[in-house]
Number of protein chains: 4
Amino acid sequence: MNFASDNVTPVCPEIQAAIDEQCTGNAPAYGNDDVSATLDRAFSDLFDHEVAVVPVSTGTAANCISLSTLVSPYGGIVCHHEAHINEDESTAVAHFTGGAKLLPIDGPAAKLEAITLASFLESRVDRGVHSVTPECVAVTQSTELGGVYDADEIAAIGGVCQQFGTKLFMDGARFANAIAALDCHPADVTWKAGVNALSFDGTKNGALAVEAIILFDPSLRAKAELARKRSGHLLSKHRYLAAQLAAYIRDDLWLKNARNANNAARALASLLQAQGGSILIESQANELFVALPDAAVTRLRDAGMLFYPWPSLGKQAYRFVTAWNSDIDAINALKTRLQSS
Amino acid sequence: MNFASDNVTPVCPEIQAAIDEQCTGNAPAYGNDDVSATLDRAFSDLFDHEVAVVPVSTGTAANCISLSTLVSPYGGIVCHHEAHINEDESTAVAHFTGGAKLLPIDGPAAKLEAITLASFLESRVDRGVHSVTPECVAVTQSTELGGVYDADEIAAIGGVCQQFGTKLFMDGARFANAIAALDCHPADVTWKAGVNALSFDGTKNGALAVEAIILFDPSLRAKAELARKRSGHLLSKHRYLAAQLAAYIRDDLWLKNARNANNAARALASLLQAQGGSILIESQANELFVALPDAAVTRLRDAGMLFYPWPSLGKQAYRFVTAWNSDIDAINALKTRLQSS
Amino acid sequence: MNFASDNVTPVCPEIQAAIDEQCTGNAPAYGNDDVSATLDRAFSDLFDHEVAVVPVSTGTAANCISLSTLVSPYGGIVCHHEAHINEDESTAVAHFTGGAKLLPIDGPAAKLEAITLASFLESRVDRGVHSVTPECVAVTQSTELGGVYDADEIAAIGGVCQQFGTKLFMDGARFANAIAALDCHPADVTWKAGVNALSFDGTKNGALAVEAIILFDPSLRAKAELARKRSGHLLSKHRYLAAQLAAYIRDDLWLKNARNANNAARALASLLQAQGGSILIESQANELFVALPDAAVTRLRDAGMLFYPWPSLGKQAYRFVTAWNSDIDAINALKTRLQSS
Amino acid sequence: MNFASDNVTPVCPEIQAAIDEQCTGNAPAYGNDDVSATLDRAFSDLFDHEVAVVPVSTGTAANCISLSTLVSPYGGIVCHHEAHINEDESTAVAHFTGGAKLLPIDGPAAKLEAITLASFLESRVDRGVHSVTPECVAVTQSTELGGVYDADEIAAIGGVCQQFGTKLFMDGARFANAIAALDCHPADVTWKAGVNALSFDGTKNGALAVEAIILFDPSLRAKAELARKRSGHLLSKHRYLAAQLAAYIRDDLWLKNARNANNAARALASLLQAQGGSILIESQANELFVALPDAAVTRLRDAGMLFYPWPSLGKQAYRFVTAWNSDIDAINALKTRLQSS
């Protein structure tokens, strides 16, 4: 009953097996092994588009290396105030890009809206060298507040980016949860909607430590690989990253894991509402933001539940994150037990 | 018979087991788990000195984060021309330190010598803001050419550093091989000899992907942890790094693995000499640099051996690297077989 | 009648004479000349405090080199949204500091208020490595919207900084105008109020191109001088910077020039009000933000007046900046002429 | 008789007059003035090629901003060990480029030779992400040891650059002295020979503080201007930079000044040889490296001469730098006087 975050989870069995499978013979280092060689094809098939895949072991690396291929050191990156790259990655963006500046704006459920974005970009046109010119827009899918962009919303943002000549980056630390919630093809909310690069999750959704930088313009690969090396993110035993990723997308494991997390969130929402909780942000993904009476908080904690307060949404606000290994039956059972007590 | 490098090896069984052990329950992220909590104590015991341990997943990260705690963006880092940080880590040092400059000098077997170092540092005293002031000296143990510093040699270098007010950093990507070769206490060639920070190997010697930054001045921890976060090297499932490290030093596994590699190198040297090879650099560790007749090269490759030419040491020069999983019996058997053919 | 900015002005006669005086003999380069040698003493006297003076040729350099001595690459700098370092210096702050992040907050007349600042700093306490920790607060005196902090206001901010362990930096691009407006000792709004470093104007108020970094902790000098050199701001013919500065503070020239600018602003305000303008922000310094009827705008432009619209304050808003060479008599005469027409 | 350097000199009369001329009316800031507007045309005429001119106030800024337009943060810059960018600009190159690495090689008189360069570049081909790929070659004209490249030498280097796909940058801190020595068209040793960007001197040869970045590919202008702004090198009173530059090339003032310096060097060489000195490096420009008997050193210093020892060329080695204001008659008179004493 640990809902503190989805990164408290262990490695899922399928990925554990893939790692174990690599624990026998020798193999070439730095990505020259056989498993690494399969990734471009596998992800190009997954996205129905020729992509370059650059695996790394953290989301910060995936986000910032991606951004460093899209913006200059003088450029600006428009994002939501709540964006992970703005709030939770220290000064990583400036470090990786050589100084590019985050330009945060607002929007509901930590989502950017096309109209607000257009208005902001309009205000930054032709302001000369003193001002920071937006060169990229960054969205998170699903967002830091559990929001999910549908294909039309991303396409609208992509259209604004095209109009103003900026790139579009997607932080997909919980991309699987969004796709599972939308039940759409991953292409629909990425390259078809104008996304240039994506951080494709892994770690939170069952891997040990892997995120895939997906470059929808494969010519950016060289730049990303140079940035990866100089930032210390090229693993010598690269096959262990590759093996995680390959297993993660084989037989739709990524979606299976995400569906469990999303369904668990629905079950948990039902439990929380039954305890007097009110949902603060509508979500179809795996993060819940709920206002809870103090008595309910005590009851839930007494029942062994772990979760964090979320003061930016109010004094009574709490965040619950479900994961690939959340036990839906146990949640339902607890719901019944708490109601009858 | 893959002697291309020691990073072609898989994870060793003990570390695999430690990873597998973490594949069941949930645990706090970002180093707040139980295994991570044991590392400072375990390494302080190992080194017989209070240390701060900061695990990361690559040697480049370990080296560069360490250096970033020791030098300013305006400073210089004296190292050997052959040093990995100078030759094989792209522009990582400048990236992590904010611009510090490598100041390479020469020495036999890729080793710095105290007298040459002193003379170089002397030449850089009081040169004003135009010139780069050395703030740190970096040595590699064992070196990129298989050299091993004994305790007296490191202490002499440490003395020079103290005299000129510079820090001393040790890249220990093959530290275990050096300690196994020297058969000394790890303290003898580190803090007792003036070393301020050490990259303690793991990956090449049996781990999946882990190196430990060992800070002999624990007050540098905060700086290292900030640098780790902003460079994307703080893993959310940090327990998997910690589990590797804990297993790696438990029951002297690190030394057991290194001894096998070193012994295999001796066996291989014997084989190569029997094939007409001449040792180019004396080494007690796990890298061999050998001049080989063309016919021998053909014979060895026909026998399934993998190894690289090393042109900087001459046209006939080759490098062989043994590892924790090198099969000494097989090497000896091959030696016999080749001699009798 | 050019009120576009105070940087459209030429060099004032006293400083021109000081430059010309240096146009005869040779002198040591890089600040080893006789005039440069006088600056620490002269400014220490001016501020009644031992200071280190590091002259540079632009405000961006003065601000960013100062900040680089006060914050780490991982740190945050709290400033007003309207602050020049946030809005008008491109990505300079990140470039000079190695990645420190601006953390903008709000306040009237582009001024920070102690209470808002305290509340913001409180919200950033103990947030760990993911979040950016504020290491410095930056104020502008006088502000980008013509506001002037009095001694009590700065002292209140300085007190908050001390409470939260942050440094306090002052961008004094129009420091002279503030001191002239407050009619106080420069110590009152700087070191006595907790300011650690100050960019002391020059260029806008009569110099060719010079700003003085004033370090109230002289031990920061070495760091500032290294940062100056590596950023290309150490002039070889440094005496020309020094000569400007020396002349600028000799016989209170800086205050004389600023008083003319401030008085001209009062005269201009009177003219603008007579034309139907309404003052948007109360100011005692040399920047006016005024709402003007369209007809008045036309009349003023027809009369040869140059000034900019300031859309962030509204559709009818305009900025007027007076300077050391503004002709108060001419302003008054124009006022009369326009009223009688 | 100050031969310590050419940057000990004052501003020359023509440039002083140009500065004074700007000391009357107001003018738009940041390069939007009338004089700044003339520079592209004037320099395009001078070089007989369409160029973009970006004036800055120091050589370090000119060199490093230029380089930042030519190389990536991951790239290498091949230069001579003695190059000013390698030896005398602190960590400026890494600071401005975001981490690009200097790759120093050797050559006589601090000159690169095409054959050595080709061999070095050949050795760096296809070395992957671990190694730093040379992206630019940097030469100094005239060199730090007084050497002058003729057109054929630069063209040979330019050819090698083209062959290996690197850019070619020229540090022209004493470009005028080289052109005066060669008596050739400035195009011959720049764009016609493959140079992509040039730092065109000013300060050492009579200006107050100005160097012009000359971009032979004008499309690099935007990048240079952004780099200039963020590094604090965009002067608000830009007309004072422009006025210096305009005066500097008007009526060949730059060559007149350089010819005086070069001729003075010849006269001084004659004096020094008469005193038992032996020329260490043949030069037609304005730097002399001379071995001198101790007695001669004493005699020259007694006669009021200032000059520096140059230990890297030997114990008896000294450097003498002549300048636009060196008094050739006085040198000749001193020669006679010393000989007769």
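Here is the naming used below: chain letters follow the sequence lines, and residue numbers restart at 1 for every chain. Note that the structure is a prediction, hence the values are computed from the model and not measured.
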Are C/L208 and D/I19 close enough, and set up right, to give a side chain to side chain contact (heavy atoms under 4.5 Å, CB included), and what steps lead you there?
CA-CA 9 Å; C/L208 191 157; D/I19 291 172; 4.1 Å; yes
Report every donor-acceptor pair between chain C and chain D with a separation under 3.5 Å, backbone and side chains included.
| residue | atom | partner | partner atom | Å |
| --- | --- | --- | --- | --- |
| C/V8 | O | D/A27 | N | 2.8 |
| C/V8 | O | D/R239 | NH2 | 3.1 |
| C/T9 | O | D/K237 | NZ | 3.3 |
| C/T9 | O | D/R239 | NH2 | 3.1 |
| C/T9 | OG1 | D/K237 | NZ | 3.3 |
| C/P10 | O | D/K237 | NZ | 3.4 |
| C/V11 | N | D/Y240 | OH | 2.9 |
| C/Q16 | NE2 | D/D20 | OD1 | 3.0 |
| C/D20 | OD1 | D/Q16 | NE2 | 3.0 |
| C/N26 | OD1 | D/N325 | ND2 | 3.0 |
| C/A27 | N | D/V8 | O | 2.8 |
| C/T58 | OG1 | D/G232 | O | 2.7 |
| C/D88 | O | D/K229 | NZ | 3.2 |
| C/T91 | OG1 | D/R230 | NE | 2.9 |
| C/T91 | OG1 | D/R230 | NH2 | 3.1 |
| C/H95 | ND1 | D/R230 | NH1 | 3.2 |
| C/H95 | NE2 | D/H95 | NE2 | 3.4 |
| C/T203 | O | D/K237 | NZ | 2.7 |
| C/A207 | O | D/K237 | NZ | 2.8 |
| C/K229 | NZ | D/D88 | O | 3.2 |
| C/R230 | NE | D/T91 | OG1 | 2.9 |
| C/R230 | NH1 | D/H95 | ND1 | 3.3 |
| C/R230 | NH2 | D/T91 | OG1 | 3.1 |
| C/S231 | O | D/H233 | NE2 | 2.7 |
| C/G232 | O | D/T58 | OG1 | 2.7 |
| C/H233 | NE2 | D/S231 | O | 2.7 |
| C/H233 | NE2 | D/H233 | NE2 | 3.2 |
| C/K237 | NZ | D/T9 | O | 3.3 |
| C/K237 | NZ | D/T9 | OG1 | 3.3 |
| C/K237 | NZ | D/P10 | O | 3.4 |
| C/K237 | NZ | D/T203 | O | 2.7 |
| C/K237 | NZ | D/A207 | O | 2.7 |
| C/R239 | NH2 | D/V8 | O | 3.1 |
| C/R239 | NH2 | D/T9 | O | 3.1 |
| C/Y240 | OH | D/V11 | N | 3.0 |
| C/N325 | ND2 | D/N26 | OD1 | 3.0 |

Which one wins on heavy-atom pair count under 4.5 Å against chain C: D/G232, D/C64, D/P10?
D/P10
For the interface with chain C, which of D/C12, D/A61, D/A29, D/A27 has the highest count of heavy-atom pairs at distances below 4.5 Å?
D/A27
Using non-hydrogen atoms only, which part of D/C23 is less than 4.5 Å away from chain C: side chain, backbone, both, or neither?
both
Tell me, out of C/A209, C/A207, C/A92, C/G98, who's got the most heavy-atom pairs with chain D below 4.5 Å.
C/A92
Please list all pairs meeting salt bridge (charged side-chain N to carboxylate O under 4.0 Å, His left out) that have one or both residues in residues 55-71 of chain D, counting only residues at least two apart or in different chains.
none
Provide the closest heavy-atom pair for D/P28 versus C/V8 in the form atom of the first, atom of the second, distance.
CA-CG1, 4.3 Å
